[in-house]
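All remarks here apply to the structure that follows.
Quick note: residue numbers are just sequence positions, from 1.
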Amino acid sequence: MRSVRKCSRTGCGHPAVATLTYAYADSTAVVGPLATYSEPHSYDLCEEHALRLTVPRGWEVVRHDGEFAVPEPSVDDLTALAEAVREAGRPDRPIEQPAPERQSSGGNRRGHLRVLPNPVTE
């Protein structure tokens with residue numbers, strides 16, 4: 001759901017209300033309303049960080065004129081979440097078994113760890 005997105009700034013846990021994107025070719029930072037989806041090359045910001053954003057000398061900041069508001073979860077978001085929980089909890093859902101690992105001499109090998117047989121104590 002959109003309401004759980006947090007500010008991208010380190011140490012800030014406030015809810016995100018704006019999205020920051022950069023237009024490098026134009027030396028411009030754009031701060032607008034929170035995007036519908038989190039994009040890899042954009043940053044979610046809380047209201048404080050969206051309003052206090054500064055850019056390097058020679059760059060321009062383009063800001064949204066209106067107020068930033070925390071988006072409310074929509075009916076579609078809530079329905080999708082309920083469907084995901086319902087699907088995950090189905091008792092007839094097939095359980096995927098991990099692929100068997102190759103065995104090497106000296107024990108079973110799984111990834112970078114090695115399972116050694118119990119030592120024989122007499």
Side-chain angles (χ1 to χ4, degrees):
M1 289 181 0
R2 289 186 300 250
S3 62
V4 296
R5 286 168 55 186
K6 301 290 182 192
C7 183
S8 297
R9 294 291 301 260
T10 304
C12 182
H14 294 104
V17 296
T19 297
L20 166 66
T21 54
Y22 292 105
Y24 292 100
D26 299 326
S27 299
T28 304
V30 181
V31 180
L34 187 63
T36 306
Y37 299 102
S38 181
E39 297 289 333
H41 301 289
S42 64
Y43 303 90
D44 295 337
L45 299 175
C46 65
E47 185 172 16
E48 178 183 356
H49 288 120
L51 296 175
R52 292 182 38 203
L53 176 77
T54 60
V55 293
R57 191 174 303 155
W59 279 61
E60 183 181 353
V61 178
V62 177
R63 282 193 173 87
H64 172 68
D65 286 337
E67 293 184 12
F68 295 113
V70 178
E72 295 295 324
S74 71
V75 174
D76 293 338
D77 292 338
L78 297 174
T79 302
L81 179 61
E83 289 294 331
V85 169
R86 189 176 303 125
E87 180 67 25
R90 276 189 19 216
D92 61 335
R93 183 173 170 217
I95 299 173
E96 296 178 19
Q97 297 294 328
E101 298 289 331
R102 292 188 317 166
Q103 291 189 8
S104 61
S105 60
N108 296 333
R109 181 151 172 86
R110 294 185 178 190
H112 66 281
L113 301 176
R114 183 178 292 253
V115 178
L116 300 175
N118 289 332
V120 179
T121 57
E122 293 181 35

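Leu51 and Leu53 fall within a single hydrophobic cluster, where Ile, Leu, Val, Met, Phe, Trp and Tyr are joined by side-chain heavy atoms under 4.5 Å apart, directly or via other members. Hydrophobic clustering keeps Val62 apart from Val17 (ILVMFWY residues linked when any side-chain heavy atoms are closer than 4.5 Å, directly or through intermediates).
Residues satisfying the side-chain contact (heavy atoms from CB on, under 4.5 Å) criterion with Ser27, sequence neighbours excluded, are Trp59. Residues passing the side chain to side chain donor-acceptor pair (under 3.5 Å) test with Glu48 are Arg52, sequence neighbours excluded. Listed by chain and residue number, Ala18, Val31, Leu45, Phe68 satisfy the side-chain contact (heavy atoms from CB on, under 4.5 Å) test with Ala50 (two or more places apart in sequence, or in another chain).
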Derivation of the side chain to side chain contact (heavy atoms under 4.5 Å, CB included) call for Thr19 and Leu34: CA-CA 5 Å; Thr19 297; Leu34 187 63; 3.6 Å; yes
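Contact detail for Val55 and Ala29: the closest heavy-atom pair is CG1-CB, 3.7 Å. In terms of heavy atoms, His49 sits closest to Cys7 at ND1-SG, 3.4 Å.
In this structure, CD in Glu47 is found 10.5 Å from NE2 in His14, a value given to the nearest 0.5 Å.
Within the structure, salt bridge (charged side-chain N to carboxylate O under 4.0 Å, His left out) pairs that include any residue of residues 13-35 do not occur (at least two apart or interchain). Sorted pairs that involve residues 55-64 and meet salt bridge (charged side-chain N to carboxylate O under 4.0 Å, His left out), not counting sequence neighbours, are lacking altogether. For residues 27-44, the salt bridge (charged side-chain N to carboxylate O under 4.0 Å, His left out) pairs, not counting sequence neighbours, are Arg5-Asp44.
A donor-acceptor pair is defined here as one N or O able to donate and one able to accept, closer than 3.5 Å; no such pair exists between the side chain of Thr21 and the backbone of Ser42.
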